[in-house]
Structures are given as C-alpha cells and as structure tokens.
Amino acid sequence: MKIAVIGTGYVGLVTGTCFAETGNMVTCVDIDEKKINKLNSGEITIYEPGLEKLFLRNQKEGRLHFTQSLGDAIADAEVIFLALPTPPGEDGSADLKYILGVANDLGKILQPGSYKVIVDKSTVPVGTSAKVRAAVLQSSSQDLSEAFDIVSNPEFLREGVAVEDFMKPDRVVIGTASERAIKIMTELYTPFVRQGNPVIFMDEHSAELTKYAANAFLAVKISFMNEIAQLCERLGADVDMVRKGIGSDERIGKRFLFPGIGYGGSCFPKDVKALAKSAKDADYDFKILQAVMDVNEIQKQHLIPKIKAHFNDNIAGKHFALWGLSFKPNTDDIREAPALSMIDALTAAGATVAAFDPEAMKNTKNETGDKIRFAQNQYDALLDADALIIATEWNEFRTPDFDKIFAMLKTKAIFDGRNLFDPAQMQKKKFHYESVGRPAMV
Ligand SMILES: NC(=O)c1ccc[n+]([C@@H]2O[C@H](COP(=O)([O-])OP(=O)(O)OC[C@H]3O[C@@H](n4cnc5c(N)ncnc54)[C@H](O)[C@@H]3O)[C@@H](O)[C@H]2O)c1
C-alpha cells in the first residue's frame with residue numbers, strides 16, 4: 001500500500017518506518033528542512049531503540065522516503081497519516097493549528113477522482129475528525145465529499161519502546177463509520193496483530209476519547225502512588241513494600257506503581273490538561289484530573305527541600321552532579337522532564353550543576369545553553385560535586401561503582417528521584433541517601 005505520513009517527529013518517524021517494514025511504500029513529510037535533509041542523507045533524527053536499523057534498511061530498499069512537499073507525498077498515497085503536534089494552547093486545550101493547517105492544505109491538493117483515507121494519529125480532542133473533514137471540504141474549490149474518509153487512529157506507543165509497541169501493539173483503535181476505510185485500515189494493520197491482539201472498531205468520538213482516557217488513567221496511577229509515597233515518608237512506611245503489597249492484586253496490577261519525581265514527556269502533561277479542558281467545555285468538572293496535575297507539580301520538586309535541608313537550607317555555591325535528563329530512560333526526549341525543573345530550582349538557589357545523560361544531552365543543551373556543564377560520562381559529572389542527584393532511571397545508573405562515587409562526592413550524599421538503590425545497602429556503604437517514599441538513610 002502507498003502511505004504518506006505528515007509530521008516526521010517521534011510518532012511520524014516510527015509510524016512511517018514500521019509501515020515500510022511490513023512492505024508498504026511510505027513517504028514522510030515534514031516542514032523542518034534540516035530534519036528532512038538529515039533523514040534523506042541516512043541520519044536518524046531521534047533516539048529510539050531499534051529504530052535506526054529499520055530506518056536504514058527500509059530507506060536502502062526504497063520503501064521509505066522523505067520530502068518537504070506535501071503534494072509529492074500524497075500524490076499516489078491511499079492512506080494519509082497525520083502525526084502532527086497538538087501542543088497545549090494557553091487555556092490548556094489541544095492546539096489544533098497544525099492539524100487544521102494541514103487539513104486546509106490537503107483540501108487544495110486532493111482530487112475528486114482519487115479516494116484517500118485521512119488518518120488522525122495525533123492525540124486530539126473529541127470532535128476533531130469532524131473539524132478536519134470540514135477544513136478539507138471548505139478549502140477545496142471542488143466537491144471532495146466522496147474523495148476521502150477520516151479515521152481516528154490514536155497512537156499508544158511509548159517512547160523508549162516505540163518500535164516494539166508499534167510492531168506488536170496491545171490493541172489498535174480505529175474510529176470511523178466508513179466501511180471502505182475500515183477495509184483499508186484492516187489490511188494495513190493485519191501484519192501487526194498476527195498474535196491476536198485486538199483491532200477495536202468504534203466511532204470517531206470514542207476513539208478520540210480513548211487516547212485521552214488511557215493517558216489520564218496512567219497519570220492518575222502515577223500521582224496516586226506519589227501521594228502514597230508522601231504518606232509513607234510521614235508515617236514511617238516503605239513505599240516499595242506497599243507497592244508490592246498492592247500490585248499483586250490483579251485488579252490493581254504491578255505496572256505503573258513506581259513513585260518518583262513526577263511524570264513528564266510530551267504526552268501525559270498536555271493530555272491530562274487537555275482532557276480537563278474538554279471536560280470543562282462540556283460543563284463537567286473532572287475533579288481527579290486537577291488533583292493529578294497538582295500532585296505532579298509538587299512531586300517534581302520533591303527532592304529540593306531534602307537537598308536544601310542537607311545543606312542547612314543554603315545551597316548557594318554548592319555544586320551538584322545530576323544523572324539523567326530525559327523524562328524517562330531510553331529516549332532523548334526532554335519535553336517537560338522533571339530534571340529540567342530541578343535544574344531551574346537548583347540554579348535559582350545559586351547552585352551549579354554538572355549533568356550526564358546517555359542520549360538527551362544535545363536536546364538539553366538546546367534548551368539550557370551553558371546554564372549547566374555537560375559531563376563526558378556519569379563519573380565525570382561527579383567532579384567537585386557536593387552531592388549526586390538522580391532524575392532518570394537509565395539502566396547504566398543502576399549498578400554504578402559506589403566506591404568511586406563515595407570517593408568523589410564531597411558530602412557523600414545521594415538524592416535519588418527514581419529509587420534506584422537499596423536504602424539498607426546505601427547505609428552500609430555510609431552514604432547519606434534519600435529517595436522517594438522510603439526511609440532516609442542519614
Ligand atoms: N511522542 C509520543 O510518545 C506520542 C505517543 C502517542 C501519541 N502522540 C501524539 O502524536 C502527535 C505527534 O507527537 P510527536 O511526539 O511525534 O511530535 P513531534 O513534535 O516529535 O513531531 C511533530 C512533527 O510535525 C512536524 N510538523 C509541524 N507542522 C507540520 C506541517 N505543517 N507539515 C508537516 N510536518 C509538520 C514538526 O516539524 C515535527 O517534526 C501528538 O499529538 C502527540 O500527542 C505522541
């Protein structure tokens with residue numbers, strides 16, 4: 001099948017590459033000239049495990065192309081995926097300017113005689129499919145009413161395991177009333193659900209809401225556990241034990257119960273906000289969502305008072321090693337990363353920071369400039385550091401050389417925002433060790 005993917009970011013590049021991998025001819029479009037030039041010269045633009053190999057193979061075999069021209073990309077395409085940004089607008093709602101802008105452009109190019117399925121993969125509020133349809137129809141001087149169908153096909157991939165998630169999705173959600181579009185979408189997705197995972201067909205509104213409901217529910221789980229962790233610290237309980245105790249109940253499940261310094265990324269923060277705004281617009285006060293956002297903001301700063309207390313409430317002139325910048329491991333994505341909030345809080349209080357992250361240093365540098373030092377490796381970050389702070393649970397931080405850390409740190413203090421180490425072991429090694437929801441070893 002011939003496919004166009006509009007928007008070649010995290011979702012677009014993974015979508016395009018994985019569809020090419022199953023034999024489709026894919027053309028990805030982006031307005032970012034630098035990005036398209038890089039991709040065309042065989043250079044991958046994001047870090048995502050396993051993606052580069054598939055990207056290079058499919059490009060070499062002529063199934064994966066990149067262009068800045070929307071017209072060229074959709075000329076022969078039967079299916080057009082929209083993988084465009086939907087950032088939060090000022091009022092928290094999803095800003096649809098990218099989606100509707102492209103819908104307008106499509107209206108000017110589409111021809112009545114050449115049927116296409118326009119698939120929305122971006123996360124968008126209920127009613128967007130109808131807006132896209134209206135925008136396409138209005139911007140055309142021809143009658144396009146039979147020339148296309150709109151499908152809502154929200155994407156559930158997780159950054160860090162995006163290729164695996166795309167190639168073997170838990171489920172595929174397809175929202176449309178069009179039998180013709182259903183047939184095409186079924187054909188396209190059949191290779192991805194051979195193990196029997198469901199393709200769930202529904203109306204557009206339900207498909208659009210499903211994505212928000214999924215992300216908001218996961219955010220609820222995270223904020224709930226972060227509040228339990230707060231309570232553990234006050235009542236002398238250990239959140240690890242509580243987590244294990246509740247996670248073995250099948251109704252609760254083991255996953256997504258790890259407390260930490262808050263969720264980040266390009267999805268949870270904006271999607272929870274957008275769902276709250278959608279609810280408000282529908283005259284419904286979705287109370288849990290506001291609580292989830294409030295808890296997350298508090299949690300992002302959870303370590304700061306502990307760090308300050310360790311230095312008698314004055315960290316001016318202190319120097320910190322920071323391990324981890326990305327919002328979670330195995331990605332270079334730093335959007336809304338808790339590490340960035342921590343850098344702001346530390347430097348605002350007069351401290352300096354040397355950071356190391358296996359993949360996210362370049363993106364962070366673009367954001368922070370020379371506000372912090374970027375270290376060569378995790379131990380280089382410890383040079384002259386008064387204490388170590390951990391913000392992302394990269395695997396390589398899990399079993400470090402503790403003797404080396406001890407020798408390098410001035411105050412032997414570790415503030416662990418991801419609960420990587422065993423508190424009892426840290427006590428044995430004579431560290432000052434504070435984590436989230438577990439007894440402090442001081
Ligand atoms: N990142 C994720 O993990 C994830 C997962 C599921 C769903 N989503 C949703 O998917 C959508 C895209 O997210 P993303 O993380 O891939 O965003 P992104 O910012 O990484 O990529 C978007 C791309 O679209 C391009 N673009 C903007 N306007 C364009 C235009 N007019 N024509 C062509 N290209 C254009 C940008 O240059 C950019 O490369 C969002 O709605 C997001 O909520 C993201």
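On a predicted model such as this, the values are computed, not experimentally measured, just so you know. Atoms within a ligand are numbered from 1 in the order they appear, just like the ligands themselves.
- Atoms of ligand 1 lying under 4.0 Å from any heavy atom of Lys35, numbered from 1 in the order shown and given with element: 38 (C), 39 (O).
- Heavy-atom proximity to atom 40 (C) of ligand 1, evaluated over Thr15, Thr8, Leu84, is greatest for Leu84.
- For Arg438 and Tyr433, the positive end is not near the middle of the six-membered ring at less than 6.0 Å and at most 45° from its axis.
- For Glu227, the salt bridge (Lys or Arg N to Asp or Glu O under 4.0 Å) criterion is met by no residue, not counting sequence neighbours.
- Within the set Val124, Val11, Ile6, the minimum heavy-atom distance to atom 44 (C) of ligand 1 is found for Val11.
- With ligand atoms numbered from 1 in the order given, ligand 1 contributes 27 (C), 28 (N) to contacts under 4.0 Å with heavy atoms of Tyr98.
- A cation-pi arrangement is not found for Arg335 relative to Phe327, the charged atom failing to lie both closer than 6.0 Å to the ring centre and inside a 45° cone about the ring normal.
- For Asp294, the side-chain contact (heavy atoms from CB on, under 4.5 Å) partners are Gln290, not counting sequence neighbours.
- Contact analysis puts Pro85 in contact with ligand 1, with a non-hydrogen atom separation below 4.0 angstrom.
- Less than 4.0 angstrom separates some heavy atom of Tyr10 from each of these atoms of ligand 1: 1 (N), 15 (O), 16 (O), 20 (O).
- Of the candidates Glu159, Arg335, Lys97, it is Arg335 that places a heavy atom closest to atom 15 (O) of ligand 1.
- Note that Arg180 lies in the cation-pi zone of Tyr115, set by a 6.0 Å cut-off to the ring centre and a 45° limit from the axis.
- Between Glu78 and Lys2 there is no salt bridge, since no side-chain N of the basic residue sits under 4.0 Å from a carboxylate O of the acidic one.
- Geometrically, ligand 1 and Glu155 share no nitrogen or oxygen pair separated by less than 3.5 Å.
- An N or O contact shorter than 3.5 Å links Asp30 to ligand 1 by distance.
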